[in-house]
Amino acid sequence: MKSLNAQLYCNLKSYLGRSDSWNISIDYEGNLIVLTSTKEGSMYRHDLYHLKNDSTIHIKIPALKMTILTSAQPVGDNYLLVEALMEDEENDPRNAYVFNKEGSILNKYAFGDGVEDVQTTPEDDVWVSYFDQSDAGRLNCFNNGNKTFDFYYSIREKNRHVPPIDDCYAINVTPDCTNIYYYSDFPFLKINGENEFELFDDIPIQGSSAFAIHGYDVLFSQDYDAKPEVYLYALQEKKKITFKTLKPDGSILNYHQAAGRGTKLFLIEDTEVYLLDINHVKNFFL
């Protein structure tokens with residue numbers, strides 16, 4: 001099998017401290033955002049680290065009662081943090097918080113329960129994907145808290161040949177379009193606007209949780225087998241290349257988590273973050 005060395009991007013150990021849980025996100029420029037959660041009695045304290053260029057923005061989020069925030073994205077000069085699973089939906093359906101860099105709450109929005117991923121754009125559009133327990137649909141877009149796109153009404157209702165989304169496994173919002181890959185049929189959909197899309201069926205990869213993209217070439221993370229592999233797939237030619245992921249020293253990169261945005265695919269093993277760029281991969285193999 002072919003193999004390729006991934007670049008060591010960073011080690012998260014210094015950011016995680018004694019946190020109970022952590023998540024990573026990627027902004028629209030391809031920079032990493034680390035969000036940690038630490039339980040303090042019935043409250044959860046969060047720290048956000050935005051690894052931007054050669055500097056790190058650190059925001060201390062005030063403790064929130066029974067709220068674990070799992071996604072973080074920039075919106076203008078502020079940050080949007082979202083609670084994936086809501087504990088108190090009946091009393092307050094708002095699960096998206098806008099914080100400034102001093103950690104003060106500026107606004108709250110209701111995005112619905114069961115949030116899988118959140119990705120924002122320079123225009124402050126907020127794309128939200130959902131897993132199968134959600135009551136809010138499977139893919140929505142918001143701007144300033146107002147819904148501007150709903151997968152069912154914008155795409156599916158008028159195009160019954162497009163498979164429904166049971167669980168949106170992966171999303172990658174680029175300047176050109178919003179790309180999604182989803183359960184249960186695992187098609188790949190490029191959304192260009194209201195009722196404007198390109199559908200690619202019969203993707204020979206099932207269960208991937210993240211991907212990088214350039215044009216019509218996609219770099220998928222591991223599938224249901226969870227092997228230390230990634231897959232370069234040409235949507236139009238329907239060609240797939242499988243290769244093992246290696247660390248710079250040549251040892252196997254046994255990553256357990258992945259995140260993709262634009263051309264970048266981040267692979268995480270323990271606290272080490274590695275990077276593959278789809279353009280580098282294409283130049284290496286094609």
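Just so you know, these numbers use all the heavy atoms, side chains as well, and skip hydrogens, waters and symmetry mates.
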Can you hop from Tyr233 to Tyr216 via hydrophobic side chains spaced under 4.5 Å?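 Same cluster.
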
Should Leu267 and Met1 be counted in the same cluster of Ile, Leu, Val, Met, Phe, Trp and Tyr side chains packed under 4.5 Å apart?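 In one cluster with Leu267: Met1, no.
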
In terms of relative ring orientation, are [X] and [Y] parallel, tilted or perpendicular, with 30° and 60° separating the classes?
X	Y	answer
Phe149	Trp127	tilted
Phe266	Tyr9	perpendicular
Phe211	Phe220	tilted
His161	Phe197	tilted

The test is side chain to side chain contact (heavy atoms under 4.5 Å, CB included); show your working for Leu276 and Phe284 and say whether it passes. CA-CA 12 Å; Leu276 288 174; Phe284 189 84; over 6 Å; no

Shortest non-hydrogen contact from [X] to [Y]?
X	Y	answer
Ser19	Thr38	CA-OG1, 3.4 Å
His214	Lys282	ND1-NZ, 3.3 Å
Leu51	Asn31	O-CB, 3.4 Å
Ile24	Ala259	CD1-CB, 4.0 Å
Tyr182	Pro163	OH-O, 2.7 Å
Leu4	His280	CD1-NE2, 4.3 Å

Can a donor-acceptor pair be found, under 3.5 Å and without considering hydrogens, that links the side chain of [X] to the backbone of [Y]?
X	Y	result
His46	Ile68	no
Tyr15	Asp47	no
Thr263	Asp277	no
Asp113	Met86	yes
Arg138	Asp166	yes
Gln73	Leu80	no
Asp201	Pro187	no
Glu157	Tyr152	no
Tyr181	Ile205	yes
Gln119	Ile171	yes

Kindly compute the distance separating [atom1] ([X]) from [atom2] ([Y]), expressed to the nearest 0.5 Å.
X	Y	atom1	atom2	answer
Ile155	Glu196	CD1	CD	8.5 Å
Lys2	Phe285	NZ	CZ	6.0 Å
Arg45	Thr36	CZ	OG1	7.0 Å
Asn172	Lys264	CG	NZ	12.0 Å
Leu64	Ile105	CG	CD1	5.5 Å
Thr174	Asp176	OG1	CG	4.5 Å

Would Tyr28 and Val173 count as a side chain to side chain contact (heavy atoms under 4.5 Å, CB included) if you check the C-alpha gap in whole Å, the side-chain angles of each, and the deciding distance to 0.1 Å? CA-CA 8 Å; Tyr28 46 75; Val173 179; over 6 Å; no

Are Lys247 and Asp249 within salt-bridge range, i.e. N to O under 4.0 Å?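 No, no charged N to carboxylate O under 4.0 Å.
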
Near [X] [atom1], under 6.0 Å, is it more than 12 heavy atoms from other residues, nucleotides or ligands?
X	atom1	answer
Lys60	NZ	no
Lys240	NZ	yes
Asn283	CG	yes

If we ignore angles and hydrogens, is there a donor and acceptor under 3.5 Å between the side chains of [X] and [Y]?
X	Y	answer
Ser208	Ser221	yes
Thr271	Asn11	yes
Asp124	Asn144	no
Glu123	Thr121	yes
Asn143	Asp125	yes

Aromatic ring proximity, centroids under 6.0 angstrom, Phe142 and Tyr109: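 No.
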
Thr245: what forms a side-chain hydrogen bond (donor to acceptor under 3.5 Å, both in side chains) with it, not counting sequence neighbours?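 Partners of Thr245 under the side-chain hydrogen bond (donor to acceptor under 3.5 Å, both in side chains) test: none.
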
Side-chain touch [X]/[Y], heavy atoms, less than 4.5 angstrom:
X	Y	value
Ser209	Tyr169	no
Leu48	Leu69	no
Val34	Leu16	yes
Thr67	Tyr97	yes
Ile180	Ser129	no
Arg94	Phe111	no
Ser25	Leu35	no
Ser37	Asp20	no

List the steps and the verdict of side-chain hydrogen bond (donor to acceptor under 3.5 Å, both in side chains) for Asn140 and Tyr130. CA-CA 9 Å; Asn140 295 322; Tyr130 303 83; 3.3 Å; yes

Go through it in stages, so that I can follow the logic: the residues are Val82 and Asn95, the test is side chain to side chain contact (heavy atoms under 4.5 Å, CB included), and I'd like the CA-CA distance, side-chain angles, deciding distance and then a yes or no. CA-CA 6 Å; Val82 180; Asn95 62 328; 4.2 Å; yes

Side chain to side chain contact (heavy atoms under 4.5 Å, CB included), that's the test. Do Ile241 and Val281 meet it? Break it down for me. CA-CA 10 Å; Ile241 299 176; Val281 175; over 6 Å; no

